[in-house]
J.: 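If you scroll down you'll find the structure; I have some questions about it.
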Amino acid sequence: MTDPWSGGQYAGSVRVRFAPSPGGHLHVDELRTALFGWAFARHTGGAFVLSIDDVDGPGDGTAEVAEEHVAAAREALHWLGLNWDEGPDQGGPYGPYRQSERIELYHQWAQRFLDTGYAYWCYCSPEELAARHESGAGTSDYDRYCRTLTPDQVQAYLAEGRQPVLRFRMPDGSTTFTDLLGGELTVDHQAVPDFVLMHADGRPLHGLTSAVDDATMRISHVIRDTSQLPATPRELAVYRAMGLPEDQFPVFAHVAGLVGEDGEKLSRHHAVTAIDRYRRDGFVPEALDNYLASLGWSPEDGRAEFTVDDLVGGFDLARVRTSAAEFDPAELETLNGTKIRALTPADFARRIVPFLAQSGLVTEPLSSDQMWFIRDGAPLIQDRITRLTEVPAQLAFLLVPDPGFHPQPADAAAVLTAEAATPLKAAAEALAALPDWTAEAIEQALSAALVDGPGPGPGPEAARTPVQVAVTGRREGPPLPGSLALLGRERTLARLASAQASLPS
RNA sequence: GGUCCCGUCGUCUAGUGGCCCAGGACGCCGCCCUCUCAAGGCGGUAACGCCGGUUCGACUCCGGUCGGGACUACCA
């Protein structure tokens, strides 16, 4: 336990920060990165820190946008069970955790960098920059034009009324660092431009804020998407400029992103990205946690199915793969069915209620009849669905008030034909005569009536389907005897009668 | 263009020089079970990108090559 991958050397002092990208809803790939960071923090007994990047985001940095941002992060993280120890809600020793409340801090460091020569003002206009890029020899980096301005030149620019931005003076040389996932890396500073720290109006940029936040929040492990890897040298340079001792630098672990079917990084144009969609679509968080983690990490015993506890218990950065993985909706779907089946019956019954309410089959608070139907009906279907959204269709026959009950037109047309008269009649007679209304008795009565009944004797399957459609309204569904037992004799016979009456002659 | 990263079945992965003519899972195909639809059980399909090198031995190490991706902002 002394290698950095398992976090052993940081035991108890691991601190991982998650800063969701601004813009409202979270994406599955950033949630996966969060999941890894969270698992690492939990595995090592460290802290998981939530911070909000609400400075200068796409939404113009308005207060409402920032609040939406916080709410979206909170909701998604809660749903997946990723709890955090410090954040905008509960605060913590290194707060505040909203960048908009840390402006003062960024300004202090900006000033310090100016004083120590690590930063300088740049008066170039965007147009001038663009023009020089055009004529320049291929390089798109900033040409460091304003590094060596004379006082006279500065005076002249100021007299013109130019508003300067603050740039970081990238030192000469190169940076070598070890990425926990990618291994040792050396980047020549030639390839790292003098990036902008602060807008002319004082708004800090990510190059400043992320380094300052990680350093001042005493983050030990920066676990983030690999797209951030090229930014690492400049962050290390900022730490040095801040005077942070090397042994207090966070270590980096860049996890490869998720890609879509087209092999490209998951982004807004992929249908599968937004996390809130999955809850609405009947996925359980256990499935998302498991599936997302399995994209890159695997437990030592190799199982594809595991719980978050397994994840926390066995998590090790050394077991995280470094190549990008494709997000496969089909596999998530299968896993979701598995996780649903693993739920206790009571838990399952509880979780399907919102979906029944959503479809209008029940309204909360539930009546005692409804509770009874849900509790007893749930086990009938728990094994046969893959998403919670399938529940309403499966249980509708029980929950719909009788006057509103009608078989599905398509199924009725296919099955409730003139030939159905015989089996329907036979079933109704057998069921009416039953002494005990239990699933077993119903099963026996049905078999006897439909196989040995009068008439030319259609096969048991062909005879049973009309009964199924007449009573449950659909050709597919939970086992018939159990369904009828729950429905009750009265309602069953009434539906049989009404189906017989509606048959074409 | 430049800098960097990645490369095992269709997909997710196991594999850290012999245990691998490569194991598991999803998908797909077939069979069994069966009152529908599922679930479950059994079996099958299918991969180390390519070329060299190191070695008695390479999926594992090295070099090259090809392919994919990221970054390259006064966005975060």
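Just so it is clear: chains get the letters A, B, ... in the order the sequence lines come, proteins before strands, and each one is counted from 1. What you see below is based on every heavy atom in this structure, not just the backbone, and it leaves out hydrogens, waters and symmetry mates.
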J.: Could you tell me the separation between the CG atom of A:Asp301 and the C1' atom of B:rG23, rounded to a whole number of Å?
T.: 13 Å
J.: Before giving the answer on side-chain contact (heavy atoms from CB on, under 4.5 Å), spell out for A:Thr209 and A:His206 the whole-Å C-alpha distance, their side-chain angles and the decisive distance to 0.1 Å.
T.: CA-CA 5 Å; A:Thr209 60; A:His206 190 249; 4.1 Å; yes
J.: For A:Tyr120, does the six-membered ring have the charged nitrogen or CZ of A:Arg167 within the cation-pi criterion, i.e. under 6.0 angstrom from the centroid and within 45° of the normal?
T.: no
J.: Considering only atom P, compute the distance from B:rC28 to B:rC71 and round it to an integer number of Å.
T.: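 Approximately 34 Å lies between the P atom of B:rC28 and that of B:rC71.
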J.: Given B:rC74, is OP1 or OP2 found less than 4.0 Å from the side-chain N or O atoms of A:Arg167?
T.: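 Yes.
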J.: Any donor and acceptor pair, going by atom type alone, linking the side chain of A:Asp188 with main-chain N or O of A:Ser174 inside 3.5 Å?
T.: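 Such a contact is absent between A:Asp188 side chain and A:Ser174 backbone.
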J.: Could you state the atom-to-atom distance from CD1 of A:Ile381 to C1' of B:rA39 in whole Å?
T.: 13 Å
J.: Taking the nucleotide of RNA chain B with the closest heavy atom to each, which residue, A:Arg234 or A:Pro481, is nearer the 5' end?
T.: A:Pro481
J.: Check the distance between B:rC5's C1' and A:Phe177's CZ and give it to me in whole angstrom.
T.: 11 Å
J.: Might you work through the side-chain contact (heavy atoms from CB on, under 4.5 Å) test for A:Leu208 and A:Phe195, ending with a clear yes or no?
T.: CA-CA 9 Å; A:Leu208 209 212; A:Phe195 57 97; over 6 Å; no
J.: Please produce a list of atom pairs where a protein N or O lies less than 3.5 Å from an N or O of nucleotides 40-43 of chain B.
T.:
from	atom 1	to	atom 2	distance (Å)
B:rG40	OP1	A:Arg341	NH1	3.3

J.: With rounding to whole Å, what would you report as the distance between B:rG27 and B:rC12 at their P atoms?
T.: 15 Å
J.: Atom CG of A:Asp225 and atom C1' of B:rA70: how far apart are they, to the nearest Å?
T.: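 Roughly 9 Å, once rounded to whole Å.
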J.: Between A:Tyr123 and A:Leu229, who's closer to the 5' end of RNA chain B by nearest nucleotide?
T.: A:Leu229
J.: Students often get this wrong, so: under 4.0 angstrom with heavy atoms, is A:Pro193 touching a base, only sugar-phosphate, or nothing?
T.: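 A:Pro193: no heavy atom of the nucleic acid under 4.0 Å.
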J.: Using whole Å, what does the distance between atom P of nucleotide B:rC35 and atom CG of A:Leu446 come to?
T.: 11 Å
J.: Might you work through the side-chain contact (heavy atoms from CB on, under 4.5 Å) test for A:Leu431 and A:Leu496, ending with a clear yes or no?
T.: CA-CA 10 Å; A:Leu431 292 174; A:Leu496 247 16; 3.9 Å; yes
J.: For atom P, what is the distance between B:rC31 and B:rC50, given to the nearest Å?
T.: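 Those two atoms are separated by 35 Å.
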J.: When you measure from the side-chain N and O atoms of A:Ser21 to the phosphate of B:rC75, is any distance below 4.0 Å, counting only OP1 and OP2?
T.: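 Checking A:Ser21 against B:rC75: no side-chain N or O falls below 4.0 Å of OP1 or OP2.
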J.: NA contact type, A:Val196, heavy-atom cut-off 4.0 Å: base, sugar-phosphate, or nothing?
T.: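 If one applies the 4.0 Å heavy-atom cut-off, A:Val196 turns out to touch the sugar-phosphate alone, with no base involved.
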J.: Is there a Watson-Crick or G-U wobble partner for B:rG18 with both distances under 3.5 Å, and if so, which one is it?
T.: B:rC56
J.: Cation-pi check for A:Phe405 against A:Arg495: NZ or CZ below 6.0 Å from the six-membered ring centre and within 45 degrees of the axis, yes or no?
T.: yes
J.: So, does A:Glu429 use its side chain to make a donor-acceptor pair with the main chain of A:Ala426 at under 3.5 Å?
T.: no
J.: For B:rC31, which nucleotide is its Watson-Crick or G-U wobble mate, given both distances must be under 3.5 Å?
T.: B:rG41
J.: Which one, B:rA76, B:rG7, B:rU3, comes nearest to the side chain of A:Thr322?
T.: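 Per side-chain heavy atoms of A:Thr322, the pick is B:rG7.
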J.: Taking any heavy-atom pair under 4.0 Å as a contact, classify A:Cys124: base, sugar-phosphate, or nothing.
T.: base
J.: Where do N or O atoms of nucleotides 9-13 of chain B meet protein N or O atoms at under 3.5 Å, pair by pair?
T.:
from	atom 1	to	atom 2	distance (Å)
B:rC12	OP1	A:Glu326	N	3.0
B:rC12	O2'	A:Ser294	O	3.0
B:rU13	OP1	A:Gly296	N	2.7

J.: Could you measure between the two P atoms, the one in B:rG44 and the one in B:rC51, and give it in whole Å?
T.: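 Those two atoms are separated by 30 Å.
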J.: Starting at CG of A:Leu185 and ending at C1' of B:rC6, how long is that distance when rounded to a whole Å?
T.: 13 Å
J.: Starting at atom CG of A:Leu480, determine the distance to atom C1' of B:rU34, rounded to an integer number of angstrom.
T.: 13 Å
J.: If we take the P atom in both B:rG15 and B:rC56, what is their distance in whole Å?
T.: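 Here B:rG15 and B:rC56 have their P atoms 28 Å from each other.
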J.: Which side-chain N or O atoms in residues 281-289 of chain A pair as donor and acceptor under 3.5 Å with protein atoms at least two apart or in another chain?
T.:
from	atom 1	to	atom 2	distance (Å)
A:Asp281	OD2	A:Arg277	NE	3.1
A:Glu286	OE1	A:Arg351	NH1	3.0
A:Glu286	OE2	A:Arg351	NH1	3.4
A:Glu286	OE2	A:Arg351	NH2	2.6

J.: Provide the distance between the two P atoms, one in B:rG64 and one in B:rC26, to the nearest whole Å.
T.: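 So the two P atoms sit 40 Å from each other.
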J.: With rounding to whole Å, what would you report as the distance between B:rG24 and B:rG41 at their P atoms?
T.: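 Looking at atom P only, B:rG24 and B:rG41 are 15 Å apart.
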J.: Of the options B:rA76, B:rC71, B:rC35, whose atoms approach the side-chain atoms of A:Glu443 most closely?
T.: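 Nucleotide nearest to A:Glu443's side chain: B:rC35.
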J.: Could you walk me through whether A:Arg234 and A:His189 pass the side-chain contact (heavy atoms from CB on, under 4.5 Å) test, one step at a time?
T.: CA-CA 9 Å; A:Arg234 71 182 197 194; A:His189 290 359; over 6 Å; no
J.: Which nucleotide wins on minimum distance to the side chain of A:Gln228, given the candidates B:rC74, B:rA76, B:rC4?
T.: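 Closest of the options to the side chain of A:Gln228: B:rA76.
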J.: Determine whether the aromatic ring centres of residues A:Phe327 and A:Tyr291 are separated by less than 6.0 angstrom.
T.: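 Yes, ring centres under 6.0 Å apart.
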J.: Rounded to the Å, how far apart are A:Asn336 CG and B:rC26 P?
T.: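 One finds 15 Å between P of B:rC26 and CG of A:Asn336, rounded.
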J.: Do A:Phe306 and A:Trp297 have their ring centres less than 6.0 Å from each other?
T.: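 Here the rings of A:Trp297 and A:Phe306 have centres that are less than 6.0 Å from each other.
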J.: Within 45° of the ring axis of A:Phe252 and under 6.0 Å from its six-membered ring centre, is that where the NZ or CZ of A:Arg224 lies?
T.: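 Cation-pi check for A:Arg224 and A:Phe252: fails.
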J.: Using the C1' atom in both, what is the distance from B:rU16 to B:rC61, to the nearest Å?
T.: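 Taking atom C1' in both B:rU16 and B:rC61, they lie 10 Å apart.
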J.: May I ask you to verify if any side-chain N or O of A:His199 is less than 4.0 angstrom from the OP1 or OP2 atom of B:rC75?
T.: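 For B:rC75, OP1 or OP2 has a side-chain N or O of A:His199 closer than 4.0 Å.
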